[in-house]
Amino acid sequence: MSQKQVFKPNREFAKDARIKNMCEYQALQDYATEDYEGFWGDAAKEKLDWIEPFSNVLDESKAPFVNWFDGGKLNVSAQCIDRHLHVRKNKAAIIFEGDRGDVQTITYLDLYKHVNRFANLLREDFHVKKGDRVVIYMPMIPEAAYAMLACARIGAIHSIVFGGFSSEALRDRIEDAEAKVVITADGAFRKEQPYMLKPVVDAALTGKTPVKKVLVVQRNHEDVEWVAGRDYSYNEMISQKKSKCEPEVMDSEDPLFLLYTSGSTGKPKGVQHNSAGYILWAQMTMEWVFDVKENDTFWCTADIGWITGHTYIVYGPLAMGATTMMFEGVITYPDSGRPWKMVEDHKINQFYTAPTAIRVLHKTGEHEPSKYDLKSLKVLGTVGEPIDPPAWKWYYEEVGKGKCAIVDTYWQTETGGHVISPLPGATPIKPGCATLPLPGIMAEILNPATGEKVGVGEKGYMCITKPWPAQIRGVWGDEERYIKSYFGDVEKDGKPVYFSGDGAVYDEDGYITITGRTDDVMNVSGHRLGTAEVEAAIKKHDNVAEVAVVGKPHPIKGEGIFAYIVLKCDEGVADEVEEVKAINNIIKKEIGSIALCDDIVFAPGLPKTRSGKIMRRILRAIAKGEKITQDISTLEDPGIVAQIEEMVK
Ligand code: WT7
């Protein structure tokens with residue numbers, strides 16, 4: 001199956017789709033092009049439940065800092081819950097399936113009560129006020145969603161830290177955001193075994209910390225340490241709380257959450273999303289891209305610790321009044337039929353996952369889908385990295401039976417929601433191709449040198465040339481970094497434009513294929529990691545003199561981590577196995593297991609220019625086993641290249 005093959009939308013499906021054909025798509029995009037503020041103003045009026053209407057659609061006067069829907073007042077938790085009570089209070093808001101198969105259905109009325117009690121607890125017992133930062137370090141259980149929405153209800157800014165991150169990574173994020181509260185759980189279940197989170201929080205809070213209180217949800221009921229006056233049991237406190245809590249009246253541009261993500265340099269940055277623009281686009285993309293209908297059940301397999309979990313497990317589905325599935329377990333446990341069994345059991349209509357998961361399910365359970373009734377499926381989604389044609393084909397044929405659209409959604413933590421994606425009832429799709437910008441998104445592939453749109457087949461930078469409502473509003477505590485990271489590389493008509501960090505290319509139909517990052521950011525199993533971050537962790541090892549980390553193509557993970565390490569002792573490595581172990585332990589402690597290296601080479605030195613810059617391009621080529629074609633004679637020590645090549649062979 002080559003990229004040239006085109007698959008038309010399922011005609012039956014298209015009849016009822018929100019966007020039914022390419023003419024409708026084009027009409028929307030034309031409207032946005034001709035009257036940008038009209039397009040977005042209409043959407044915001046129609047979709048959002050305003051406490052007070054906005055007076056201005058877009059203010060670009062302080063670009064690249066922008067304001068959307070100024071003057072408007074709303075509350076995101078009310079948009080996600082309260083407004084549905086009149087029409088769907090007994091509808092399932094969240095269906096939770098635990099690791100061990102336990103199922104819990106939470107209606108919109110239940111959700112209202114849980115979130116209100118939670119909000120009252122934070123407000124009354126923990127004195128959390130509007131603008132305070134609350135770190136959430138939680139497993140995939142409904143209380144994680146309640147925690148997010150409770151923060152939104154009282155105007156606190158949540159910052160979720162993925163449960164796979166280590167205590168040091170958690171500490172960094174707590175400190176950067178100056179969080180005063182951490183919400184966590186004792187732990188949860190994975191492959192029918194309890195695993196722990198609370199001890200990681202305890203370790204992150206040793207020494208000086210801004211955190212005053214820790215709220216612990218008891219999920220697996222394992223023993224945990226308890227610090228008197230700091231740690232509180234959610235299970236004990238929550239039943240005493242009232243199930244009504246007035247939502248804080250929030251400005252459109254009041255911050256909703258921070259989510260730390262890796263950049264090409266330095267520590268992870270706190271990507272800030274604000275209220276109105278974010279929730280508007282979360283809801284609109286749910287409706288357009290997944291085309292979720294009133295009786296549908298939507299399942300996104302991401303973890304709430306990533307942006308996909310924020311936008312497409314919690315905020316997007318709930319804002320539109322959908323039923324969203326939440327899964328605690330592992331998709332390959334007890335076997336690779338688990339997700340398909342869940343599709344059958346819960347009659348899932350839209351299934352959204354990452355290419356790395358598709359590859360694993362394909363490899364370990366090629367024929368599993370045919371053992372289950374998957375007739376409920378209408379739309380299949382992928383996100384996080386380019387999807388390779390074999391995985392795409394299996395997903396389309398074995399899972400979708402050739403009748404489901406595959407939406408290859410391209411977006412980022414910074415974009416808040418999808419920006420380039422097929423529409424399931426309209427867009428003819430091609431394997432591995434994110435296709436076209438969504439209506440309202442002015443995405444263009446530009447030549448960074450000239451700022452002009454690139455021609456067909458010519459690689460360029462994936463840019464967005466106009467602000468959009470769900471865009472990142474800032475990097476927490478670092479205005480300069482926001483400007484430099486996103487608006488420092490490309491100018492169009494003399495004006496800085498948003499650059500994603502990704503390369504991309506147009507085909508003859510104007511379709512966009514994302515070719516991957518152009519910077520030192522890696523994408524490991526759909527997790528974003530900066531080479532600088534991994535290098536900083538490895539450098540903490542006493543014996544390490546120098547280190548360079550590069551990404552290397554990996555059949556399942558997409559990208560694996562390849563580290564070149566120069567040790568301090570001249571005699572070489574005494575015990576390679578021990579050194580590797582020590583280095584992996586440091587990575588686990590500093591970042592977490594997601595950043596463990598796939599390959600470590602103890603090199604005699606690193607290829608550098610005479611000015612001392614490490615030539616990563618050469619290291620990437622060596623890791624891939626490619627021939628070095630570039631001129632290396634100008635390197636400080638050209639001989640080092642052959643030496644390293646020999647070691648990697
Ligand atoms: C990076 C963003 C967006 C949620 C998950 C990751 C890559 C994302 C695609 C896609 C090719 C993709 C990009 C992007 N990416 N979606 N459909 N095709 N690449 O969020 O951690 O912010 O990572 O993921 O490289 O920049 P993130």
Side-chain angles (χ1 to χ4, degrees), residues 3 160-162 164-165 257-264 268-273 278 281-282 285 289 300-313 315-316 352-359 380-389 391-392 395 406-422 427 429-438 441 443 445 461-464 470-472 475 485-486 489 498-505 511-530 533 551 553 557-559 594-595:
Q3 248 233 33
I160 306 188
V161 179
F162 171 57
F165 278 122
F257 65 83
L258 306 179
L259 183 55
Y260 283 79
T261 192
S262 301
S264 48
K269 44 197 173 194
V271 170
Q272 182 187 327
H273 281 290
Y278 171 80
W281 192 230
T285 49
V289 175
C300 162
T301 69
D303 189 282
I304 46 133
W306 309 111
I307 190 71
T308 312
H310 285 61
T311 308
Y312 298 112
I313 295 177
Y315 286 117
Y352 189 34
T353 196
T356 184
I358 299 168
R359 287 192 291 267
L380 300 173
T382 97
V383 58
E385 49 173 319
I387 179 164
D388 43 298
W392 194 98
Y395 202 29
I406 294 191
V407 287
D408 182 344
T409 61
Y410 167 80
W411 58 298
Q412 313 177 287
T413 304
E414 292 86 346
T415 67
H418 307 143
V419 286
I420 299 170
S421 172
T427 318
I429 49 177
K430 305 179 191 185
C433 181
T435 73
L436 299 165
L438 289 172
I441 302 294
I445 310 173
Y461 280 23
M462 194 67 250
C463 296
I464 305 180
Q471 83 174 53
I472 174 177
V475 170
S485 304
Y486 304 107
D489 293 288
Y498 176 87
F499 170 46
S500 62
D502 287 302
V505 59
Y511 275 28
I512 295 168
T513 295
I514 304 295
T515 53
R517 304 285 308 194
T518 62
D519 53 13
D520 290 322
V521 172
M522 298 177 290
N523 190 329
V524 181
S525 299
H527 301 153
R528 186 160 150 189
L529 288 165
E533 229 176 305
K557 297 183 187 178
E559 215 169 2
I594 55 169

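Atoms within each ligand, like the ligands themselves, are counted from 1 in listed order.
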Q) Among Thr435, Thr308, Asp502, Thr415, which residue places a heavy atom closest to atom 26 (O) of ligand 1? A)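 Looking at heavy atoms only, Asp502 sits closest to atom 26 (O) of ligand 1.
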
**Q.** Pick from Met462, Met522, His310, Arg528: the one approaching atom 23 (O) of ligand 1 most closely through a non-hydrogen atom
**A.**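 Shortest heavy-atom distance from atom 23 (O) of ligand 1: Arg528.
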
Look up atom [atom1] in [X] and atom [atom2] in [Y], then write down how far apart they are to the nearest 0.5 Å.
X: Ser500; Y: Asp519; atom1: OG; atom2: CG; answer: 8.5 Å
X: Trp281; Y: Thr415; atom1: CH2; atom2: OG1; answer: 9.5 Å
X: Tyr486; Y: Gln471; atom1: OH; atom2: CD; answer: 11.0 Å

Q) Starting from atom 3 (C) of ligand 1, which protein heavy atom do you reach first, and at what distance in Å? A)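 Protein heavy atom at minimum distance: Trp411 O, 3.1 Å.
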
Q) Pick one: which of Thr353, Thr356, Ile406 meets side chain to side chain contact (heavy atoms under 4.5 Å, CB included) with Thr382? A)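 Among Thr353, Thr356, Ile406, the one that satisfies the side chain to side chain contact (heavy atoms under 4.5 Å, CB included) with Thr382 is Ile406.
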
Taking 4.0 angstrom as the limit and counting only heavy atoms of [X], give me the atoms of ligand 1 inside it, by number and element.
X: Ile514; value: 11 (C), 19 (N)
X: Asn523; value: 7 (C), 24 (O)
X: Asp408; value: 10 (C), 17 (N), 18 (N)
X: Thr409; value: 9 (C), 10 (C), 16 (N), 17 (N)
X: Pro386; value: 11 (C), 18 (N), 19 (N)

Q) Applying a strict 4.0 Å limit to heavy atoms, is Gly384 in contact with ligand 1? A)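 Yes, Gly384 has a heavy atom closer than 4.0 Å to ligand 1.
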
Q | ligand 1 to Gln412 polar contact by distance, N or O atoms, under 3.5 Å | A |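 Among all N and O atoms of Gln412, at least one is under 3.5 Å from an N or O of ligand 1.
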
Q. Purely on distance, is any nitrogen or oxygen of Glu414 under 3.5 Å from one on ligand 1?
A.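 Glu414 vs ligand 1: no N/O contact under 3.5 Å.
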
Q: Could you tell me whether Arg517 approaches ligand 1 through its side chain, its backbone, both or neither, with non-hydrogen atoms closer than 4.0 Å?
A: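 Near ligand 1, Arg517 shows its side chain, while the N, CA, C and O stay back.
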
(Q) What I'd like to find out is whether the side chain of Ile441 reaches to under 4.5 Å of the side chain of Ile420, using heavy atoms alone. (A)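 No, every pair of side-chain atoms sits at 4.5 Å or beyond.
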
(Q) Does any part of the side chain of Tyr352, heavy atoms only, come nearer than 4.5 Å to the side chain of Ile313, both counted from C-beta? (A)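 Answer no - side chains too far apart.
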
Q) Would you call Arg517 and Glu559 a salt bridge, taking side-chain N to carboxylate O under 4.0 Å as the test? A)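 Looking at Glu559 together with Arg517, the answer is no, because their closest N to O distance does not fall below 4.0 Å.
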
Q.
I'd like to know if the side chain of Thr518 reaches the main chain of Gly501, judged simply by a donor and an acceptor atom lying under 3.5 Å from each other, with no hydrogens or angles considered.
A.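 Flag set: sc Thr518 to bb Gly501 pair under 3.5 Å.
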
